[in-house]
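Here it is, the structure in full.
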Amino acid sequence: KKGTEQDQSQPPPVTMMLKNIPNDLAHDGLSCLLDERGLVGQYDLISIPGDYLSGCNRGYAFINFTSPEAYQHAAEEFQGTMLP
C-alpha cells in the first residue's frame, strides 16, 4: 500500500534517456527521427553528450517531452528498436 501512495504522488515522467544511439547521430538526425514518428512539436529539448576527443556522441541522448502523453508515445515508438 505504501508504494502505491508514493507512486500516485510523483508526477509522470517527461524526460527520457534514449540509449544505444549510433555514435554518429547528431541533434538534427535525432530530431528528424522523432518527427518521423509523429512527435513533431512534442519535445522541447534534445541533449546528446559528446566525446570531444573522438568527435562522436557517447551513445545516449536525453529528450524532454512537453507532456506525459508525448513521453508515452515516444516510449512505445522506440522500445526495442534499433536506430539507423
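Heavy-atom basis, side chains included; hydrogens, waters and symmetry copies ignored.
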Item to check | Which atom of Pro68 lies closest to which atom of Val14, heavy atoms considered | outcome: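 Nearest heavy atoms, Pro68 then Val14: N-CG1, 3.6 Å.
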Next on the checklist: Using every non-hydrogen atom in the two residues, find where Leu39 and Ala74 come nearest and quote the distance to one decimal.
Outcome noted: CD1-CB, 3.8 Å
Checklist entry - Can you tell me how far the NE2 atom of His73 sits from the CZ atom of Phe78, to the nearest 0.5 Å? => result 8.5 Å
Next on the checklist: Would you say that Leu83 contacts Leu18 through its side chain, given a criterion of any heavy-atom pair below 4.5 Å between the two side chains?
Outcome noted: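 Yes, close enough: below the 4.5 Å cut-off.
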Checklist entry - Looking at CD1 of Ile63 and CD1 of Ile48, how far apart are the two atoms once the value is rounded to the nearest 0.5 Å? => result 8.0 Å
Checklist entry - What distance separates Gln72 CD from Met16 CE, expressed to the nearest 0.5 Å? => result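 Spacing of CD (Gln72) from CE (Met16) equals 8.0 Å.
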Item to check | Nearest-0.5 Å distance that lies between atom CD in Glu77 and atom CD in Glu36 | outcome: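 The CD atom of Glu77 sits 11.0 Å away from the CD atom of Glu36.
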Checklist entry - Applying the side chain to side chain contact (heavy atoms under 4.5 Å, CB included) test to Asn57, which of Asp51, Asp24, Leu25 qualifies? => result Leu25
Checklist entry - Say you draw a straight line from OH of Tyr71 to OG1 of Thr66; how long is it, rounded to the nearest 0.5 Å? => result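 So the OH of Tyr71 and the OG1 of Thr66 are separated by 14.0 Å.
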Next on the checklist: Among Leu30, Asp35, Thr15, which residue satisfies the side chain to side chain contact (heavy atoms under 4.5 Å, CB included) criterion with Tyr43?
Outcome noted: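 Testing Tyr43 for a side chain to side chain contact (heavy atoms under 4.5 Å, CB included) against Leu30, Asp35, Thr15 leaves exactly one candidate, Asp35.
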Item to check | Flag if over 12 foreign heavy atoms under 6.0 Å of CE, Met17 | outcome: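 Correct, the count exceeds 12.
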Checklist outcome for this item: Taken to the nearest 0.5 Å, the spacing of Asp44 CG from Ser67 OG works out to 10.0 Å
Next on the checklist: If we ignore hydrogens and angles and just use 3.5 Å, is the side chain of Arg58 paired with the main-chain N or O of Pro49 as donor and acceptor?
Outcome noted: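 Pair absent, no side-chain N/O of Arg58 close to backbone of Pro49.
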